[in-house]
Amino acid sequence: MNASATSTAAATTSPTNASVWRSQLGTYLGLLAVLAGMVALFSSLSEYFWSTETFVTIANEIPALAVMAVGMTFVLIIAGIDLSVGSVMALAAATSAAAILQWGWTVPAAAALALATGLLCGTLTGAISVAWRLPSFIVSLGMLEAVRGSAYVVTDSRTQYVGDAISWLSAPFFGGISFAFLLAVLLVVVAQLVLSRTVFGRCVVGIGTNEEAMRLAGVDPRPIRIIVFAMTGLMAGLAGLMQSARLEAADPNAGSGMELQVIAAVVIGGTSLMGGRGSVVNTAFGVLIIAVLEAGLAQVGASEPSKRIITGFVIVAAVIVDTLRQRRAAA
Amino acid sequence: MNASATSTAAATTSPTNASVWRSQLGTYLGLLAVLAGMVALFSSLSEYFWSTETFVTIANEIPALAVMAVGMTFVLIIAGIDLSVGSVMALAAATSAAAILQWGWTVPAAAALALATGLLCGTLTGAISVAWRLPSFIVSLGMLEAVRGSAYVVTDSRTQYVGDAISWLSAPFFGGISFAFLLAVLLVVVAQLVLSRTVFGRCVVGIGTNEEAMRLAGVDPRPIRIIVFAMTGLMAGLAGLMQSARLEAADPNAGSGMELQVIAAVVIGGTSLMGGRGSVVNTAFGVLIIAVLEAGLAQVGASEPSKRIITGFVIVAAVIVDTLRQRRAAA
Amino acid sequence: MPPTSPTNPTTPLLAIHDVGKDYTATVLDGVNLALFAGEVLALTGENGAGKSTLSKILCGLEQPTRGGMVLDGQTYTPGSRRDAERHGVRMVMQELGLVPTLTVAENLLMGRLPHRLGWLQRDALHAAARAQLAKIGLDTIDPATPVAQLGIGQQQMVEIARNLQDDTRILVLDEPTAMLTPRETNYLFEQIAHLTARGVAIVYVSHRLEELRRIADRVAVLRDGRLVDVRPMAGMSEDDLVQRMVGRVVSDLEHRPRRAAGPVVMSAEGLGRGTAVQDVSLALRAGEIFGIAGLVGSGRTELVRLLFGADRADRGSVTLYPEPANTERQASPAMGCTIPRGFASPLQAIAAGVGLVTEDRKSQGLLLSQPIRINATLSDLSAVSRGGWLQRGLENRLVQGFVRKLGIRCRSAEQPVGQLSGGNQQKVVFARWLHREGRVLLLDEPTRGVDVGARAELYGELDRMASEGRALLMVSSDLHELMAMADRIGVMSAGSLVAVFERGEWSEQSLLAAAFSEPGGRAADPTSSLPSSSSATA
Amino acid sequence: QDKPKIALIMKSLANEFFRTMEDGAKAHQKAHAGEYTLVANGIKNETDTAAQIKMIEQAMAQKVSAIVLAPADSKALVPVVKNAIDKGIIVVNIDNQLDADALKEKNITVPFVGPDNRVGAKLVGDHLAKSLKVGDKVGIIEGVSTTFNAQQRTLGYQDAMKAANITVVGVQSGNWEIEKGNTVAAGMMREHPDLVALLAGNDSMALGAVAAVKAAGKTSKVQVVGYDNIGAIKPMLADGRVLATADQFAAKQAVFGIELAQKALAAKTPQAQLPAAVKTDVVLVTKDSK
Ligand SMILES: Nc1ncnc2c1ncn2[C@@H]1O[C@H](COP(=O)(O)OP(=O)(O)OP(=O)(O)O)[C@@H](O)[C@H]1O
Ligand SMILES: Nc1ncnc2c1ncn2[C@@H]1O[C@H](COP(=O)(O)OP(=O)(O)OP(=O)(O)O)[C@@H](O)[C@H]1O
Ligand SMILES: O[C@@H]1[C@H](O)[C@H](O)CO[C@H]1O
Ligand SMILES: [Mg+2]
Ligand SMILES: [Mg+2]
């Protein structure tokens, strides 16, 4: 070590924790600014936007997207991708509906079945891509198709009306906020802690950065990869439950195209598709940005073309703002 | 220098070319086997499958998918992704329709406009992601939305009936084969040569493998990235023309979701999403596999659910077969 | 120094019987070797001789095709690195294997992170990491620093620290000092002494012969995958060793005269970037080699990158002087002018005739998955193409030439560079600049991991370039190499160029003293005239 | 006093059918600008049920007085409709009828303003049957299978074919969309080379079918019929590539729906006492209709 390095290192040793916190907060600032800007804009455009009701509505709309995005964050960090989440969500909803309606299962049993379905699908995606060392893109694309087909089979290609058996999950519960929302928030917090504070989380980051180095350090990446996909499947299963609680129906077409929305939320949150970098809390901001944008545009009654054009711009602009802020902070 | 090294190098100089050819042929074998297997299966399942008519129909259905997949191959090789191709295809078709129907342009001028539209969209995607160093995933996702919105604006959200002004492009022309098909074949050949035989192609592969190394070797990756996206946009524009020639109509929702199909074709062809590796000819095999599967399933009258399930399995199986073959060849 | 004789000369700790390894060709064959507790066995040989392969076999990273091993009287067939480590056999790999997004501490303890029910125990983690780092003199690095922020030399030290563990019985070090300067090397040797005193057996792979003399008890020489010689180090001269390795005599260059320097070709004035490089001024002359010495992290790599335009300086300028004879080059817009903040990009530098052999070949030099052919011609594709189309014949011929000239050991020019041995990879990077010879060549650790024979070959090339009037700048952590090759040696410390010596003025001591010196006027805040309160002594 | 705000929530605004509906609604609002304000919203395709539900929720947050809805799914929209009604919002159903059982289970009534799709499809089917022979083979391309009107149209087509002793060899879903319609049509023709007609549940799918017929070189050998009478279909009716379609007056459905809601708001009629159904017209359109 030379002298200057010594002093720098010494100087930064103690304030490390504080500065870590500051820098952590810093990483949220860009996205927070985008979010605040959007809320301000919509509030000025629509008289009812700035209201508890709007925010409660948004809060109750996002859980399904949010929990899938939590799983997807881990998938992207290991440099994978899971295109099947939308289909898995539909299948999970469909199996629970079939369990309740056709096989007369109790609601908890049916809910467990939905979760198990998601877990199984995710495990399959992970196991196939690990076993044959295939890109998860293609495996999950195959799953997207196969699982969607299964959802058609299970629902008999008809929307299954479930009724309010499981609607408590999405029913207003505390100041209008649903249980599903609280669950989603809890999952975001837990997942962030798992990512940054557990051995598993550190292995996930390491595998995404340099799988070979991790392997040489004695960490077998295969089970970890499978677990990440399995958990994402589980999250999609949970999302399916949340969705069918909200719709009181299992729609075989539910969540089609949703994979891109989920990935967009994660990427807006700054997680890299190349792996090794990501944050669940930032993903949550990405989810909020997408949800606020959608709600705001619907409320101001934007025409369909302008909606799409604005959405496109906002997605890119959000990432630009965030990127520039991160770079400025790094410099 | 020591003798043994010299002699090894010298000994292998001459058979290099032959062995390169052999190994090149080898890379096609896996996909060819999958394709042959599928054709055999469908021929045994449906008495009408094994007929000139079927193959001509398939040949005339694939050009749009094929040309977009050619562009996408280059995009994936530079470790990018372009999700906007479906939207760009729709916008290009829409502008040419508007040019013919509303502004009274001649067909060649309208066709040029469609290509220019595609080129512009692609350039924009490339330039934005290069200028701010953003992941192309998110930029092209933004473009997907914004360009789709623009297609709505241009068509006034109505399917524009173009008539047979440009239908010559997709009309049977030589033994039932359309001009569009020949064009697609030509593009595959040219693109493969560009990839493997030109300085540009070499730079594309290099940038996808190790961008920093290329930069330090004096290759500026930025213009090359932009060109790759611009070309992909151009291809999507061409696909838009082909599509509206086939349907004789410009549908504002044309090609939605097509990006995944295009990427699937490229990945089935063995191109890596991580960049640095890919072949246009293999992409063409990927396109054929998807097209034969779709045609075959429709012909045997598979139900929608079973179609999706089978499609999912075949996508994964094709990649497994191909991967195993490549690994065996490498060992 | 470690004991000069094995603690128990009769029963080896590890015995290797007839080990062989085939990839597509045979790279190891019939290797019989015994390793005794408490000894340092040097493993040496040319690039591609099979040293890393043999090391990897010892550590479970590769499985031998033939033969077997006996550890402590028991059959030893490690199936993985993990497995080898359970037997107390550890290895510091030739290529860095750290995860840049994780912290130093996490890297050090990866695979055995302290946790309670899966939750990291940060305090325990950092304490353990600090202890580990202290062993090798890195006690000033904050274990919470992401590895990405360390220089490559520091990373190498972290890699070494990771393997200094109490349960180690055999430690294999594969060119651990290729990136290190004397200070770090000394720390490492101290550790080796501690370990051997405890009865640990060391396998030490290096191309630096003077190091082998310092620490090795015995030396084993591999040539073309076969063990050609194993004998005590004592009494063996460097010349003997070299001759055993390459089968011929390599000339000593240390006492050559200074080359005649021509006019200034390129100069830097007050070039700086952040705190990594602080206002460096230097002039490169035609026909001479300017060496740069300095400790790990002193900013040498950063300086070279600024000169090449790989990073943009934030102050100072670079000046290029016109070439009197060559009118064609004169036409280049960058000629004869001062460029504020240096070249804007490597492209501009290359156009102006400046080349760079990078230090970190893996991440900045090579396309690992691509063949030698593609890698070797990368910096001048116009020479192997016509109208944008590549001329395969031309390219093949050119590349065959390099392969022969530099003795790149490969199956064919179509072999992916990633499959080559480390030293051979380095030769490929070098070949690229042989291919495109400009006026100035910047070399950052050009002989890292290159064997003596090939090194002489590279030196010969450098000599030729200098005699043809090129200006060369060579960064090296190997002082002997610098003293042999350079006409002038600049020494960097903490980002500043603190001294420049002419050939004949320097000695190992004076160079080291300069490297350890506090750069004049340098303080935490460069504008402040007060000496920094934090300036510690090394 | 505040003007009431009425939300019109439709499906794919890339389908001309809904554009016509939107335009009709906007024209009506302009003509009655003093009476109410209008927020019109659609979704990006015919099946994004979840997005449509969010739109209803946003409309509630915006405190609209009434919602006029063309549901993307007959069952899945029912729960959110109930929420809206519980909030005192008047809900009127147009175009595609909500599922009767689900409504009953929720114990709500929602007036349906729209045509009888089975009758409309039968009109088209009967017209087609005139140019076919007994024993001919035809295929049906259905809309999104989870919508009531798609199911009804299929039934109407089947009624007509049965009456004329024509064989329906298959019913496949084209999702209301051109490209899907194209793929399905192409597949049916390859599976049944002797097919003589394709009955599409709407004109978008009919457009796709026409292109498939042409690609197979079977123009004038395979007849196509559609439903909706959108602009793009008119030249095809003229040259015979499409034999017939049905006009179900999209603009009128929206206008009637809005007017029903307006009346209810003005008279403060509670939701439960609104009429169960208001039948709108559906007529056959052929080359000869003007
Ligand atoms: N995975 C592989 N596939 C094919 N050949 C390989 C592979 N790994 C190593 N080799 C070959 O084995 C030979 C020995 O390589 P090794 O890395 O052991 O050499 P080394 O003695 O460590 O050389 P250096 O001094 O350059 O590090 C080389 O010729 C190399 O090309
Ligand atoms: N990405 C980075 N972030 C922060 N500090 C860095 C980074 N890269 C290098 N440094 C620091 O900059 C200083 C100069 O590094 P540089 O690599 O130029 O030194 P060097 O003399 O070439 O040493 P080395 O032998 O490590 O290459 C070192 O203290 C190093 O730790
Ligand atoms: O009734 C309509 C149309 O016919 C349309 O084409 C699709 O959606 C249905 O609900
Ligand atoms: Mg080696
Ligand atoms: Mg360096």
Non-hydrogen atoms of chain D under 4.5 Å away: do they reach the side chain of [X], the backbone, both or neither?
| X | result |
| --- | --- |
| A:Ala302 | backbone |
| A:Pro305 | neither |
| A:Ala249 | side chain |
| A:Ser157 | backbone |
| A:Ala295 | both |

Polar contact flag, side-chain donor to acceptor under 3.5 angstrom, [X]-[Y]:
| X | Y | answer |
| --- | --- | --- |
| A:Thr57 | D:Glu57 | no |
| A:Thr54 | A:Ser51 | yes |
| D:Thr49 | A:Asp251 | yes |
| D:Asp228 | D:Gln248 | yes |

- Identified side-chain hydrogen bond (donor to acceptor under 3.5 Å, both in side chains) partner of D:Tyr36 from the options D:Lys5, D:His28, D:Gln262: D:His28
- Note on the structure: Quick note, salt bridge (charged side-chain N to carboxylate O under 4.0 Å, His left out) partners involving residues 65-82 of chain D, not counting sequence neighbours, are D:Lys82-D:Asp86
- Message: What part of D:Gln62 gets within 4.5 angstrom of chain A, counting heavy atoms only: side chain, backbone, both, or neither?
- Response: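 Contact with chain A involves both backbone and side-chain atoms of D:Gln62.
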- Measuring heavy-atom distances to chain A, does D:Ile43 have an atom under 4.5 Å in its side chain, in its backbone, in both, or in neither?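 It is the backbone, since no side chain atom gets that close.
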- Name the option with the most non-hydrogen atom pairs under 4.5 Å to chain A; the candidates are D:Lys106, D:Glu22, D:Met55, D:Gln151.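 Heavy-atom pairs under 4.5 Å are most numerous for D:Lys106.
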- Between A:Arg246, A:Glu61, A:Glu53, which has the largest tally of heavy atom pairs under 4.5 Å with chain D? A:Glu61
- Relative to chain D, which of A:Met258, A:Gln160, A:Lys307, A:Glu47 shows the most heavy atom pairs under 4.5 Å? A:Lys307
- Item | Atom NZ of D:Lys104: over 12 foreign heavy atoms under 6.0 Å |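 Incorrect, the count does not exceed 12.
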